[in-house]
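Predicted, not measured: the structure shown is a model, and the values here were computed from it. Hydrogens, waters and symmetry mates play no part in the numbers below; they use all other heavy atoms, side chains included.
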Amino acid sequence: MKARALEIPGAFAFEPNAHRDVRGELQEVYREDVFRVATGQSFSLAQANTVVSRLGALRGISVATTSHAKYVTCTSGAVLDALVDLRTGSPTFGTWRLEHLDAERRTALYVPPGVGHATFALSDRSTVTYLLNELHRPEQFLTIDPLDADLAIEWPPEPASIVVGNSLSLAEALDRKLLPAHTG
């Protein structure tokens with residue numbers, strides 16, 4: 001497994017090696033030793049979730065207001081995954097990075113606290129699995145509109161559906177002082 005730092009500080013992509021034989025293949029989805037060397041910390045697993053989306057589904061930018069972090073991989077189909085730095089005071093605040101995740105390569109993303117995360121399903125029944133370092137508590141999360149003009153994320157045209165819940169614009173979240181602060 002190889003780690004690759006992303007342009008958003010603290011965010012990483014982890015690319016597994018496939019071990020193939022006559023039976024099929026094995027891919028390591030997570031390795032604590034590789035994670036620790038790349039990030040300088042360990043990842044404590046508290047919960048694992050799976051989300052299945054239909055072709056064209058756009059799921060809003062979810063961001064935790066606490067120290068919540070995610071380790072995300074696509075286990076079926078393919079998605080575009082957007083990481084958005086929503087940490088006020090961060091030198092890369094408001095910047096985003098699109099990563100293509102698919103079941104073939106099984107690249108995983110580490111989404112550090114304060115970095116938002118959204119997905120766009122590139123195939124039907126795209127399945128994304130999330131490892132969480134803390135239990136999910138909905139009251140500790142915000143959803144920012146993934147089509148917010150201030151962010152201008154370059155999604156494929158015409159999403160089939162948008163799943164954003166009670167999303168806010170970036171400006172609304174800033175005005176209401178709801179976004180987490182940059183700590184590093």
Side-chain angles (χ1 to χ4, degrees), residues 1-16 28-49 58-74 79-102 105-120 128-137 140-155 164 167-184:
M1 178 171 276
K2 295 177 191 170
R4 174 174 46 94
L6 300 177
E7 290 81 10
I8 295 174
F12 290 84
F14 293 89
E15 299 165 349
E28 296 170 328
V29 176
Y30 176 79
R31 286 194 46 156
E32 177 67 21
D33 59 339
V34 174
F35 185 88
R36 187 184 309 271
V37 167
T39 66
Q41 60 193 5
S42 63
F43 188 85
S44 176
L45 179 63
Q47 184 173 338
N49 296 340
L58 176 58
R59 294 186 180 269
I61 305 167
S62 174
V63 62
T65 57
T66 62
S67 58
H68 199 280
K70 300 175 186 174
Y71 189 86
V72 180
T73 191
C74 181
V79 298
L80 275 179
D81 194 296
L83 298 179
V84 184
D85 192 344
L86 295 172
R87 301 168 291 190
T88 59
S90 169
T92 57
F93 176 80
T95 62
W96 50 269
R97 166 81 183 174
L98 283 178
E99 287 284 328
H100 179 93
L101 302 180
D102 61 48
R105 293 180 300 145
R106 298 253 167 100
T107 297
L109 299 177
Y110 173 65
V111 184
V115 172
H117 170 290
T119 59
F120 179 89
V128 176
T129 298
Y130 301 80
L131 304 181
L132 311 174
N133 72 331
E134 296 179 357
L135 294 177
H136 178 77
R137 291 185 171 75
Q140 296 176 341
F141 282 83
L142 300 173
T143 301
I144 304 298
D145 183 351
L147 300 176
D148 188 307
D150 288 337
L151 293 172
I153 297 172
E154 296 173 6
W155 297 110
V164 293
S167 63
L168 301 170
S169 70
L170 182 61
E172 288 172 313
L174 281 168
D175 287 346
R176 293 169 56 187
K177 299 184 182 343
L178 298 173
L179 295 173
H182 178 62
T183 58

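Leu151 contributes atom CG, which lies 5.0 Å from atom CD1 of Ile61 (distance to the nearest 0.5 angstrom). Taking CZ of Arg97 as the reference point, atom OG1 of Thr95 lies at 10.5 Å (rounded to 0.5 Å). Considering NZ of Lys177 and OG1 of Thr88, their distance stands at 9.0 Å, rounded to 0.5 Å. Here the CZ-OG1 distance, from Arg59 to Thr143, works out to 11.0 Å after rounding to the nearest 0.5 Å. We find the CG-OG1 distance between Leu109 and Thr73 to be 8.0 Å, quoted to the nearest 0.5 Å. Atom NE2 of His100 sits about 7.0 Å away from atom CG of Leu80, to the nearest 0.5 Å.
Aromatic pair Tyr110/Phe14: ring centres not closer than 6.0 Å. Within the 6.0 Å centre-distance limit, the rings of Tyr130 and His117 are counted as a close aromatic pair.
Between Leu45 and Tyr30, the closest side-chain pair of non-hydrogen atoms is not below 4.5 Å. The closest side-chain heavy-atom distance from Val115 to Ser90 is not below 4.5 Å. Between Val79 and Val128 the shortest side-chain heavy-atom distance falls below 4.5 Å. Between Val84 and Val63 there is no side-chain heavy-atom pair separated by less than 4.5 Å. Side chains of Asp150 and Ser169 form no contact here, defined as non-hydrogen atoms less than 4.5 Å apart. Residues Asp81 and Val72 are in side-chain contact: their nearest non-hydrogen atoms beyond the backbone lie under 4.5 Å apart. When side chains are defined from C-beta on, Glu28 does not count as touching Val34, because their heavy atoms never get closer than 4.5 Å. In this structure the side chain of Phe43 never reaches within 4.5 angstrom of the side chain of Arg36, judged on heavy atoms.
The minimum heavy-atom distance linking Pro9 with Pro112 is given by the pair O-CG, 4.2 Å. Heavy atoms only, all atoms of each residue included: Ile144 and Ala173 are closest at CD1-CB, 3.7 Å.
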ask   = Please walk me through it: do Thr65 and Leu178 pass side-chain contact (heavy atoms from CB on, under 4.5 Å)?
value = CA-CA 7 Å; Thr65 57; Leu178 298 173; 5.6 Å; no
task = Step by step, work out the side-chain contact (heavy atoms from CB on, under 4.5 Å) result for Val29 and Leu131.
result = CA-CA 11 Å; Val29 176; Leu131 304 181; 5.6 Å; no
request  = Carefully, step by step, assess Phe120 and Ile153 under the rule side-chain contact (heavy atoms from CB on, under 4.5 Å).
outcome  = CA-CA 11 Å; Phe120 179 89; Ile153 297 172; over 6 Å; no
request  = I would like to know whether Leu170 and Leu86 meet side-chain contact (heavy atoms from CB on, under 4.5 Å); could you show each step before the answer?
outcome  = CA-CA 9 Å; Leu170 182 61; Leu86 295 172; 3.7 Å; yes
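Here the side chain of Trp155 pairs no donor or acceptor atom with the backbone of Leu58 at under 3.5 angstrom. Asp85 places no side-chain N or O within 3.5 Å of a backbone atom of Ile8 that could act as its donor or acceptor partner.
For the salt bridge (charged side-chain N to carboxylate O under 4.0 Å, His left out) test with Glu15, the passing option among Arg4, Arg106, Arg105, Arg31 is Arg4; the others fail.
Heavy atoms from other residues, nucleotides or ligands lying under 6.0 Å from CD of Glu154 number 12 at most.
Using modelled atom types and a 3.5 Å distance limit, the side chains of Glu134 and Ser67 yield a donor-acceptor pair.
Classified by interplanar angle (parallel below 30°, tilted 30° to 60°, perpendicular above 60°), the ring pair His68/His136 is perpendicular.
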